Amino acid sequence: MADKKKTGLLASIGDSQIWKSIFRTGVPVTRRQRMMGVLNSVFLHLHPVRLPKHAVKLKYTWCMGGLSFFLFLVLTISGILLMFYYRPTVEYAYTDIMDLSEQVPLGIMREIHRWGAHAMVIAVWLHMFRVFMTGSYKPPREFNWAVGVIMLFLTLLLSFTGYLLPWDQLAIWAITVGANMARATPFLGHEGPGASLLAIGDINLVSMTSDIRFALLGGRFVGEGALLRFYVLHCVGLPFIIAILMAVHFWRVRKDGGISTPV
Amino acid sequence: MLDGIKAFLDILSKPQISFTLIIFIFPFVIPPTMWFEKWHRKLGLHLLWTRKGGLYMFAFITIILLLGFFDENFGKILGKPDNVPIIILIYSVFFFLWLSMSSAYKNDERMARGEKVEEDYGPDEKVLVWPDLVYIEMIALILMTVFLLVWSIGLPAPLEEAANPSLSPNPAKAPWYFLGLQEMLVYFDPWLAGVIFPTLIIVGLMALPYVDDNPKASGYYSFANRRASIFIFLFGFLTLWVFLIVVGTFFRGPNWNFFGPFEEWSVAKVVPLTNVNLSEYVWVKMLRIGLPSHPLVREVVGIVIVVLYFGLPPVILARGKLRGLVERLGATRYALVIFLALSMMALPIKMYLRWTINLKYIIAIPESFFNI
Ligand code: HEM
């Protein structure tokens with residue numbers, strides 16, 4: 001049995017029934033095994049099996065799209081952990097955050113989440129920058145660029161909605177500054193141009209309690225309603241949308257012919 | 001000596017001066033036309049994208065930041081945990097600007113010599129994703145994880161006093177990535193700075209692939225055959241976005257007043273508000289008859305100016321310099337391009353009107369919140 005083949009530990013693991021049942025090929029040594037390994041894995045199969053040589057160069061892609069995605073995953077995981085401890089109410093939000101750093105052992109999840117979010121914003125900008133500089137938005141990739149722009153916007157919104165959750169001075173005032181702009185939305189904000197035109201007789205349709213800012217904040221100022229809305233958007237609503245768009249984005253990178261190549 | 005330099009940098013950072021310098025220097029650094037290209041070479045600015053140029057830029061930024069860290073006032077702002085990302089942003093934007101431009105210049109030279117671009121290995125030169133890509137991804141992933149861990153262990157996330165709706169901090173700043181927009185609030189009302197401009201940025205970015213019909217240079221770095229589009233994009237990204245974020249973060253203190261980076265943020269600093277609406281200039285100062293009561297009559301000059309600003313240049317340019325563009329893009333897309341470009345230029349124009357003649361609004365109809 002043992003001398004059937006001269007094999008190392010790795011190869012014998014690769015030959016085992018458990019390994020084969022999971023990965024279907026042995027340890028990827030031969031060309032065929034490597035190709036099948038990529039094809040068989042749902043995760044690796046995001047990639048094609050073979051790529052033009054320049055496409056794997058760090059100098060070409062800066063790996064920024066990949067890092068944006070990785071940071072999104074880090075944020076999802078650390079965010080889920082944070083949700084175990086955090087209650088989105090005016091009463092508890094601030095103290096829960098405080099406990100997070102003082103009571104929870106090895107509590108750097110909040111740091112990972114916050115700094116990771118900043119890093120993701122930067123990574124997404126740089127990814128757009130590289131896509132622009134390589135002219136990769138040109139046909140046939142126009143649509144994927146547009147999908148990217150929406151994800152950029154959603155990334156900023158995710159960051160913005162998360163900013164409120166610690167419920168400290170920094171949070172509510174930054175969100176107040178931001179949300180006050182909504183008040184001035186043309187037609188939809190009660191201090192926006194054209195809002196007064198939307199009236200039936202004497203009754204203004206767009207008022208302080210019915211405009212877009214009110215819808216955003218769930219109230220007339222940044223309070224209980226805003227906290228809950230931002231929490232739901234931040235933890236469920238926006239990640240849901242951006243995850244779907246990422247699926248579209250990655251699918252389209254493949255369907256548009258893979259990483260752009262000189263023509 | 002050091003104080004002299006700091007005082008000098010304080011003055012230099014004033015938006016009036018720094019922004020003007022940047023606008024003036026920008027086309028020589030990223031030359032959009034052959035005329036600028038000639039000067040770009042003559043002034044030796046193409047050397048910025050060599051290894052040495054990159055090192056000099058790196059050293060320059062580092063020296064200023066070091067000067068800042070050891071300064072009592074600038075150090076306070078730089079040391080804020082939430083400002084760390086901006087420092088990372090500054091370094092990475094410069095680094096990747098350098099990287100992409102130097103790759104582009106190298107490729108341009110290759111093409112000028114009739115060679116293939118660096119990215120072009122021919123259709124048969126392929127590598128396997130396992131291991132060539134998967135390993136790179138794994139290394140990038142590990143490095144990023146280490147980076148995040150070090151950052152997170154080294155720098156606790158800030159938590160200020162509990163929220164207090166009745167005590168507003170001064171200045172109340174938006175998160176750093178929106179500070180460009182908040183900086184625009186100095187020059188435009190919220191409906192423009194906070195709603196219309198962001199919308200136009202998103203629309204403009206999404207429209208980009210549909211209006212840039214230059215099919216050249218996709219899939220490799222290059223500058224020579226798409227200089228105009230690179231110029232416009234970088235002007236928007238670097239000066240109107242990144243630079244305004246830097247201004248908003250480092251140079252704006254209490255009451256959103258300007259403070260040089262080495263200046264102390266004093267709440268007591270009073271900047272007289274002497275801004276005047278165009279209608280007052282016209283009716284009160286020039287015609288000396290007082291403001292008419294009907295808003296549309298009162299603002300007629302401003303309205304005409306705005307309409308002409310968006311209406312005249314497209315027509316004139318379509319007959320003159322940009323005739324070729326109209327033919328290539330068709331009327332609709334051409335109109336969209338010009339509209340977006342004029343909107344983008346409206347920001348610097350309004351800035352200069354504010355700085356030179358203290359102009360508050362070109363059109364001021366506060367009755368319906370319509371101020372431009
Ligand atoms: C949420 C953020 C985003 C994620 C996770 C993401 C992810 C990716 C990944 C993994 C790739 C493969 C190539 C690479 O890594 O460069 C890619 C390609 C691409 N991305 Fe994104 N992206 C994001 C945002 C954006 C944005 C903001 C834009 C543009 C405005 C954009 C436009 C594109 C285009 C056009 C490609 C194809 C590039 C080529 O073929 O060379 N993406 N993206």
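Quick caveat, the model's predicted, so the values are computed rather than measured. By convention in this document, chain letters (A, B, ...) are assigned in the order of the sequence lines, proteins followed by strands, and residues within each chain are numbered from 1.
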So does B:L167 get a backbone contact from the side chain of A:Q169, meaning a donor-acceptor N/O pair under 3.5 Å?
yes

Hey, are B:Y177 and A:S159 close enough side-chain-wise for a donor-acceptor pair under 3.5 Å?
yes

Proximity breakdown for B:V127 and chain A, heavy-atom pairs closer than 4.5 Å:
both

How many angstroms lie between atom CD1 of B:I86 and atom NE2 of A:H118, to the nearest 0.5 angstrom?
9.0 Å

B:P198 versus chain A, the contacting section by heavy-atom distance below 4.5 Å
neither

Go through the atoms of A:M64 and report whether side chain, backbone, both or neither lie under 4.5 Å from a heavy atom of chain B.
side chain

Any side-chain heavy-atom pair of A:I108 and B:L149 under 4.5 Å
yes

Does any backbone or side-chain atom of A:I172 lie under 4.5 Å from a heavy atom of chain B? Answer side chain, backbone, both or neither.
side chain

Interface moiety of B:L89 toward chain A, non-hydrogen atoms closer than 4.5 Å
both

A:F129 ring center near B:F96 ring center (under 6.0 Å):
no

Which heavy-atom pair separates A:L67 from B:A140 by the least distance, and what is that distance?
CD2-O, 4.0 Å

Check each atom of B:D189 against the heavy atoms of chain A and say whether the ones under 4.5 Å are side chain, backbone, both or neither.
neither

B:M206 vs A:Y137 side-chain heavy atoms within contact, under 4.5 Å:
no

State whether the side chain of A:E111 and the backbone N or O of B:A157 hold a donor-acceptor pair below 3.5 Å, judged by distance alone.
yes

Identify which part of B:P81 has an atom lying under 4.5 Å from any heavy atom of chain A, answering side chain, backbone, both or neither.
both

A:V74, part contacting chain B, at a heavy-atom distance under 4.5 Å
side chain

How far apart are the closest heavy atoms of A:M133 and B:R226, and which atoms are they?
O-NH1, 3.2 Å

So what's closer than 4.5 Å to chain A heavy atoms on B:Y121: side chain, backbone, both or neither?
side chain

Output, in order, the C-alpha distance, side-chain angles, deciding distance and verdict of side-chain contact (heavy atoms from CB on, under 4.5 Å) for A:F70 and B:T145.
CA-CA 9 Å; A:F70 174 61; B:T145 311; 3.4 Å; yes

How close do A:P193 and B:W191 get, heavy atom to heavy atom, and via which atoms?
CG-CD2, 3.5 Å

Pair A:W115, B:V84 - check side-chain contact (heavy atoms from CB on, under 4.5 Å), show working.
CA-CA 9 Å; A:W115 303 142; B:V84 171; 5.8 Å; no

Interchain contact, B:V134 with chain A, by part (heavy-atom threshold 4.5 Å):
side chain

Select one option (side chain, backbone, both, neither) describing which atoms of A:F160 are under 4.5 Å from chain B's heavy atoms.
both

Can you measure from CZ (A:R110) to OG (B:S152) and round to the nearest 0.5 angstrom?
11.0 Å

Residue part contacting chain A, namely of B:E118, when any heavy atom lies under 4.5 Å
side chain

Is it the side chain or the backbone of A:L71 that comes within 4.5 Å of chain B heavy atoms, both, or neither?
side chain

Applying a strict 4.5 Å limit to non-hydrogen atoms, the region of B:D212 in contact with chain A is side chain

Under 4.5 Å from a heavy atom of chain B, the part of A:R183 involved
neither

B:L208 side, atom CG; A:M128 side, atom CE - distance, nearest 0.5 Å:
9.5 Å

Using a distance-only test with no angle check, is there a side-chain donor-acceptor pair under 3.5 angstrom linking A:H47 and B:W130?
no

Rounded to the nearest 0.5 Å, what separates atom CZ in A:R50 from atom CG in B:D132?
12.0 Å

Roughly how far, to the nearest 0.5 Å, is CD of B:E161 from CG of A:L170?
12.0 Å

Between A:W62 and B:Y221, what is the ring plane arrangement, given parallel below 30°, perpendicular above 60°, and tilted in between?
parallel

What part of B:L155 lies closer than 4.5 angstrom to a heavy atom of chain A: side chain, backbone, both or neither?
both

Which heavy atom of B:P131 sits nearest to which heavy atom of A:R34, and what is that distance?
CD-NH1, 3.6 Å

Donor-acceptor contact present, side-chain B:K126 to main-chain A:K53, <3.5 Å:
no

Honestly, the part of A:L126 sitting under 4.5 Å from a heavy atom of chain B is side chain

Side chain from CB out, backbone as N, CA, C, O: work out which of these in A:R114 comes under 4.5 Å of a heavy atom of chain B, or both, or neither.
side chain

Is A:K59 in contact with chain B via its backbone, its side chain, both, or neither, using a 4.5 Å heavy-atom distance?
both

If one checks every heavy atom of A:Y60 against chain B at 4.5 Å, the contacting part turns out to be both

Is the shortest side-chain heavy-atom distance between B:L128 and A:M35 below 4.5 Å?
yes

Side-chain heavy atoms of A:I122 within contact of B:S92, under 4.5 Å
yes

Could you look at A:V56 and say if it's the side chain, the backbone, both or neither that has a heavy atom under 4.5 Å from chain B?
both

Measuring heavy-atom distances to chain A, does B:V195 have an atom under 4.5 Å in its side chain, in its backbone, in both, or in neither?
side chain

Give a yes or no on whether the backbone of B:G219 and the side-chain of A:S136 come within a donor-acceptor separation of less than 3.5 Å.
no

Answer with side chain, backbone, both or neither: which region of A:Y163 has an atom nearer than 4.5 Å to a non-hydrogen atom of chain B?
side chain

Which bit of B:L97 comes within less than 4.5 Å of chain A, counting heavy atoms only: side chain, backbone, both or neither?
both

Using non-hydrogen atoms only, which part of B:T199 is less than 4.5 Å away from chain A: side chain, backbone, both, or neither?
neither

Applying a strict 4.5 Å limit to non-hydrogen atoms, the region of B:Y220 in contact with chain A is both

Check: A:W145 side chain, B:L205 main-chain N or O, donor-acceptor pair, under 3.5 Å
yes

Going by heavy atoms in the side chains, are A:M98 and B:L159 under 4.5 Å from each other?
yes

Okay, A:I150 and chain B: the region with an atom under 4.5 Å from a heavy atom over there is side chain

Portion of A:L58 that has a non-hydrogen atom of chain B nearer than 4.5 angstrom
side chain

